[in-house]
Every structure is written in C-alpha cells, then in structure tokens.
Amino acid sequence: PGAPLQRDVRPDEGDAVSARGSVLAPTATTAMPVIGGTGVSRFDVAGTVGAMQVTVSSLLPGVAYSVRAFATNGVGTAYSDPVSFATLSDDARLTGLTATFNGSTAATLTPSFAPDTLDYIGTATLTITSATVVPIAADADAIIRVNGTVVNSGATSASIPISSAARTVTVVVTAPAGNQRTYTILAGRPPAINTGTASAGTATAVTLGGNLTSAGWDPITAIGIVVSSLVTSTGPTLGGTGVLRFDVPTGTTGAFTLQATGLTRATVYEMRAFAVNAAGVSYGSRISFGTLGPPSLSATPTSSSTASTTITLGGNVTNANWSTVTERGVLYSLTSENADPFIGGPGVTVVPATTAGTGNFTRGVTGLLPSSGYSFRAYATNAEGTGYSSTSTFTTRSNVATLSSLVTSAGALTPAFSSGQFTYAASVPGTTTSVTVTPTVTQAQATVRVNGTSVTSGSASGAVSLAVGAN
C-alpha cells in the first residue's frame, strides 16, 4: 500500500531551508519519529518553503504508522506534530472453519482445518442433505460470503441444500485491502461395503470375499480386503502393523472374491473388506478365519495311575486347525533309547486313543518295564499332518518286594538271612521281654511294615513284646 503525505513549510527569516520532507515509522516502534531514529524512514521533497506532498509505497498492510514533517536549515531541524494513520489489512485468511450436516451432525473435514489450506472434503456417517458452516476471519473487518451470501465472522451460515449433483460449499473472504481467498468444502459420501466369507483354504492361501453396496459420491480408488493375525480392538486397517492388503480392480462393483496368499499355516486371522473414495475409507465387519495345519495340542501331556507295568497317559487337542482330527493318542519310548519320541522314531510305541476329535483324552498303556524311565508325548493327526505336545517323562514302579537285610536286636536268625528266604526262627534268653527288628528293602521305592506298622527301611521297628515260649 501507498499513502500521500502532505505538510507545509513556512518561511523562516533565518538561514535558508536546506532540506525538507517527512519521516515515518510504525507507531509500535516510535510515535515520535526523527531523522536517523530506529525504524524511521525519511522521504525528502524538493524546494524550500510552502506545501509539500510525498507518496510512500511499500508500507506493511494492517500496520499503524506515525509521521512528522521536517525542515532543516543552518540552525537545525524542526518537526511538526506527529500524525497517525493505518494501512488497510490484506489478511483474507480464516482462522476457523467448521461444518455441520443435516442441522446437527458435525462434519469431519479432511484434511484438518488450517488457515493456509483452502480445499476440504467434509464427511459424516449419514446421508447428507444440507450443510451449514461457521467461518471465523483472521481480520475482523474482512467480508465473508458463503455461497455468495454475506455471513458474519463466527456466525452460522444459512442452510445449504446438498446432493450428489450440488455438494460444494464455497467460502470467499475479502480483506479490507481488497484481496481474496476462497475456501471450499466438498460434501462427500464414503463407500459402503460388507465383508464376505472365507472359503476353500489351504495351508497358505484362502479365498476371501466382500460386497461393495455403494460407491458413495466419488469414484472408487481402491477396493479389497485387509488381513491380520494380530487381534486388535478395531480389526485390521490399511497401513496397520502386520496387516496384509489384497486388492481387486477399482472398477469392481457388487460381490467379489480374491485369493489371499502368503499366509502362515495353522494361523487364525481377522479380515475386513475395504473401499476408498475421495471422502475416505470404509470397512466391513470383522470376520475370523484360519489356514489349514496339523492339530494343536496343549503343551503338557498328562500321566496318572503309575504302576510297575501300566500307566494312564493323555493329552488335549485344543484346535483342529480347520481340518478334521482323524486320530489322536499317545506315544512313548524308554528315555535311555529315545528321549524325544515322534511317530516312526527309534524305540517308539504308538497307542491311539479310542476316540478322535478335539478336547481331552486318556489312554491306558500296558506292557511297560518296572523301575524304568520313559519319555512320552500326546499327538493328533488330520489331513494336514500330525501335531504333538511337548515331551514329558514318567518312571514305572518297582515290583521287587524283597529285603536285602533283616536284623533283630536279640538272638540270631535261623537260617541265616537271605533275600529269597521268608521264614526264620530266633532264640532269645527267657529274661528277654521285647525285641526290635531292622529291615532294609532291596528296592528303594518299596515300603515295609513290621507287625502291621510302617517302618523306615534301615531303621529299627518299635519294640515287639515277647512272652515265654514261641512268639
């Protein structure tokens, strides 16, 4: 902007005027500008006395200035009183812009509003029939027109009908200096899409489906299905962590299917159909599916009722992994021969359960060796292979019920002790009224009783009372 500055220099009876003109500065810098002052601009005018005028350009818009006339002679420089003026603002920006659809539903603007961003898409989860906007001008003196009608800054515009054929809201801001900015809001309707089903799966690929029921008000730019094995609160989304994206041609309408490949076997996935247009991205509902694989079992198999040659073993098939379990059971081997048994491994005996399917099961095992350590697993088989639990161990009980030593506290055994001899006699003096017995078992797992009372192997029993004669 430019501004004409006029002043009058009167004759002086002293020295002749050697310079005259005006000085000005932003009032915020100084209200009393002088030649050479901080932020002061000087504008000289030819001549000595009389009226003078100078046109100043390159001033800042919307700024208050102070100006003084000056004249200089041999005595010094004289100044007029200051005069203030302000340039017109050229700020045609908005500092706020919101939209409401159908009288009560706040619109989502994309991108989010910013004063220097002019074009937006407004969306809401409804069928849009009307819109109002609230524009806020950066300069209070700016004039705002919404679709040609003046609206005060901060006020709500009149309702504007919206349809697929007429859905643009135009906000024109005119600054006091005359320059303009035009903001637009394009009312958009996102696509509508449903998630279909998963079928015809393999270990690494599944056929997935969806149904685009409406393209919205703008052309479809992407359509397909997103898949993830990470279960989240919202389901898989475009660009999400661990999300796989599978697209179909953008011209697709109605129901569609696609082949999702590169999946991991025996894995549970979530999927959602998606469609994108200028108004945004829409998703269908979340649906779970899984890839084929061997059955899954609980990590730890079970064992119970351990005897010297028999035991009950079991497991739990937790997931058939989308293929029918045709066999389940247990397998075992002597740990000394094979500590990590699998079907077909050396020394492995397989004992199928009497039922197939999922869930808990047990199986009685016979023909084991006494006092022996075994390793075992549960297993289950379907068309995709065999799954196993982790390996666990058990030790069968001993069937040795003999003593390695038998000592009495008085008298000597007849015959002398032998593990295979079970009947003895011992003579003690007639004055002996009791005796103790110290038995030691051959097998450490065995237990021993003396006259019905349990005794620790290698320890003396309680006193056994004696009477005269045979006891």
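All values below come from the heavy atoms of this structure, side chains included, with hydrogens, waters and symmetry mates left out. This is a predicted model, so every value here is computed, not measured.
- Open room surrounds CZ on Arg397; 12 or fewer heavy atoms of other groups in view lie less than 6.0 Å from it.
- Under the side chain to side chain contact (heavy atoms under 4.5 Å, CB included) test applied with Thr132, the options Val146, Val151, Asn102, Thr100 reduce to a single match, Thr100.
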request  = Go through Leu297 and Tyr388 one step at a time and tell me if the side-chain contact (heavy atoms from CB on, under 4.5 Å) criterion holds.
outcome  = CA-CA 6 Å; Leu297 291 89; Tyr388 295 90; 5.7 Å; no
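- No side-chain donor-acceptor contact under 3.5 Å links Thr402 to the backbone of Val400.
- Within the structure, side-chain hydrogen bond (donor to acceptor under 3.5 Å, both in side chains) contacts touching residues 164-179 (residues at least two apart or in different chains) are Arg167-Asp218, Thr174-Gln180.
- For the pair Met271/Phe289, a side-chain contact is recorded, criterion being any heavy-atom separation below 4.5 Å from C-beta on.
- In terms of modelled atom types and a separation under 3.5 Å, the side chain of Ser389 and the main chain of Ala378 share a donor-acceptor contact.
- In this structure, Arg377 pairs ionically with Asp340, as a charged nitrogen and a carboxylate oxygen lie closer than 4.0 Å.
- Taking 4.5 Å as the limit, some side-chain heavy atom of Ser130 sits within range of a side-chain heavy atom of Ser159.
- Contact check for Ile144 versus Val171: side-chain heavy atoms found under the 4.5 Å cut-off.
- Inter-residue side-chain proximity for Tyr374 and Leu313 is flagged as unmet; no heavy-atom pair is nearer than 4.5 Å.
- The two atoms that bring Ser298 and Thr318 nearest to each other are OG-CG2, 3.4 Å, heavy atoms only.
- For the pair Leu97/Ile185, a side-chain contact is recorded, criterion being any heavy-atom separation below 4.5 Å from C-beta on.
- Considering only heavy atoms from C-beta on, Thr349 comes within 4.5 Å of Val351 through its side chain.
- Distance check: Gln443 CD to Ser308 OG gives 11.0 Å after rounding to the nearest 0.5 Å.
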query = Where do Trp322 and Glu384 land on the side-chain contact (heavy atoms from CB on, under 4.5 Å) test, with the steps shown first?
reply = CA-CA 10 Å; Trp322 293 273; Glu384 297 300 312; over 6 Å; no
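- Applying the salt bridge (Lys or Arg N to Asp or Glu O under 4.0 Å) rule to Asp119 yields no partners; only residues at least two apart in sequence or on another chain are considered.
- Judged purely by distance below 3.5 Å, without hydrogens or angles, the side chains of Gln259 and Thr207 pair a donor atom with an acceptor atom.
- Ionic pairing of Arg181 and Asp116 is present here: one or more N-O contacts between side-chain nitrogen and carboxylate oxygen are shorter than 4.0 angstrom.
- A side-chain donor from one of Asp139 and Ser89 sits under 3.5 Å from a side-chain acceptor of the other.
- Side chains of Thr335 and Ser375: a donor-acceptor N/O pair is present below 3.5 angstrom, by distance only.
- With Thr396 contributing its side chain and Leu369 its backbone, the two residues share a donor-acceptor pair below 3.5 Å.
- Checking Thr355 against Arg328 by side-chain atom types alone, a donor-acceptor pair falls below 3.5 Å.
- Checked by atom type, the side-chain pair Ser296/Asn319 shows no donor-acceptor distance below 3.5 Å.
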task = List the steps, then state whether side-chain contact (heavy atoms from CB on, under 4.5 Å) holds for Phe274 with Leu238.
result = CA-CA 8 Å; Phe274 73 88; Leu238 290 171; 3.9 Å; yes
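- When side chains are defined from C-beta on, Ile287 does not count as touching Thr197, because their heavy atoms never get closer than 4.5 Å.
- Side-chain contact between Tyr183 and Phe113 is present, with at least one heavy-atom pair separated by less than 4.5 Å.
- For the side chain to side chain contact (heavy atoms under 4.5 Å, CB included) criterion with Val206, the lone passing option out of Thr202, Thr204, Leu208 is Leu208.
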key: Criterion side-chain contact (heavy atoms from CB on, under 4.5 Å) on Val227 and Val243, from CA distance to verdict   = CA-CA 6 Å; Val227 172; Val243 173; over 6 Å; no
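- Without hydrogens or angle criteria, Thr456 side chain to Ser459 main chain gives no donor-acceptor distance under 3.5 Å.
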